[in-house]
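Throughout, a chain's letter reflects where its sequence line sits, starting with A, and its residues are numbered from 1.
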Amino acid sequence: MRIAPDLAWQVVDGEGVIVDLPRRCMLGLSPSAAFIWSRIDTETEEEIAAGLARAFDVDESRAQADVRGFLGLLRERGFVVAS
Amino acid sequence: MSQRASAFLQERALRRAQPLSALLELTYACNWRCVFCYNPRHHDKRRLDGDEWRAVIDDLRELGTLNVTLTGGEPLTHPQAFEVMAAVRSRAMTFRLFTNGSLVTDDVARRLAELRPVAVELSLHGARPETHDRTTATPGSFDALWRGVAALKRHAVPTILKTPLTRINEHELDEMVALTEREGIPYNLDAMLTHRDDGDPGPLQFSMTREGFARYYALLARRNQIPTSHRTPGGVNCGLGRTTLAVDPEGFVYPCPQWRKSSLGNVRETRLLHLWKSSAVRLEAAEVANKANDALLAAGGPMARFPFCPAVAQERTGDPVHADPLHLAEAEAAERARLGAATGT
């Protein structure tokens, strides 16, 4: 998977923002969402979940569910696409 | 874009000194000769090439930039303009292109559409060809502009028209508004002319007349669009030295698009990343933004709530902290228009 090319985005100090250029709107990312987002292009879903569990001190099963849920939302909106 | 998200982003960027917006001047070269142009010349001595711009763009990404504006001169005269735009987009930043439109063919518009700019902005200098062409000192430029606009429309590229108001075109203000409404194109007006970047005050001779300013602010008042600054004690006047930067065609970096008094350095000698993080010039400029905020609040009057550009004041009077006579005249004209609209006079 990878981030859709028709978006702009930036993550700084753990906070993120996505600019949806086709729909001309902007969305903020919470720290955990920004953590997941900034790893989409370089890590697998499992790696992201393991990293999230460590970084936010949550158990791995909850992190896996959060990552799966968030990625599902992103796919629905077309923000991530198959690589 | 959401106003609330933008304001939130801006506030965070101010605290971090994160250059959220960057202005990249690709070239001084231009095929038009606008009489009030702020560029010091119409040719480059040694402009940055595509690879050098890519290094700048990489550093912008790392510094936290989200929005890039590409301008000139006429940026489409740079042979690698599209490579630079593609580099901005490939690093997930937005871009906006300022162009005079004369080089926007169908092929150019199609390539722009593929890159998804936030907007392509073109200047309309008059409602009539003779006024526009007199301002650009280029016969046929009015028609060239509209050919470019038509090509952008055919390819559904988000397009904005804007007018730097001058004493040459101020009498056509209402006609220009009507023309852009008829064409269905978003339209912005700008009342402020500036010195040339080398300090030459020549462009100011074309500033609007007192009557022109009154007409302009009356229009904004009718639309409830008079600009306002919400200053608070201890706040900052603007993003100078914090949220904006500019890089000129030869690689000099400035702490905002207007501030040309002093440069942070040149990207050919030092990476932009290091210039931004370690420059004393940037910190001094940021301090000016604090001092201007407090000085304007202390002085009171209409300037306490009117936008103020320290860089422009610096050019006009050598004092970037206090309002100069032109800023004051504008603030007073805006205030009169606001009161006039409120009382129906």
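Scanning all heavy atoms of the two residues, the minimum distance from A/Gln10 to B/Leu66 falls at CB-CD1, 3.9 Å. Residues A/Val12 and B/Gly64 come closest through the heavy atom pair CG2-CA, 3.7 Å. Contact between A/Arg24 and B/Pro117 at its shortest, heavy atoms only, is NH1-O, 4.5 Å.
More than 12 heavy-atom neighbours from other residues, nucleotides or ligands sit within 6.0 angstrom of CG on B/Asp107. Within 6.0 Å of atom CZ in B/Arg110, more than 12 heavy atoms from other residues, nucleotides or ligands are found, so the atom counts as buried in its surroundings. Under a cut-off of 6.0 angstrom, the local environment of CG in A/Asp59 is crowded, with over 12 non-hydrogen atoms contributed by other residues, nucleotides or ligands.
When heavy atoms are compared at a cutoff of 4.5 Å, B/Thr65 approaches chain A solely by way of its backbone atoms N, CA, C and O.
With chain A as the partner, the residue from B/Met93, B/Arg61, B/Arg89 showing the most heavy-atom pairs under 4.5 Å is B/Arg61. Ranked by non-hydrogen atom pairs under 4.5 Å with chain B, the options A/Asp6, A/Val11, A/Val17, A/Ile18 are led by A/Asp6.
Taken from CZ in B/Phe8 to CE in A/Met26, the straight-line distance is 11.5 Å, to the nearest 0.5 Å. The line from CD of B/Gln18 to CG of A/Asp13 is 7.5 Å long, rounded to the nearest 0.5 Å.
In this structure, B/Arg91 forms no cation-pi arrangement with A/Trp9, as its terminal cationic atom is not both closer than 6.0 Å to the ring centre and no more than 45° off the ring axis.
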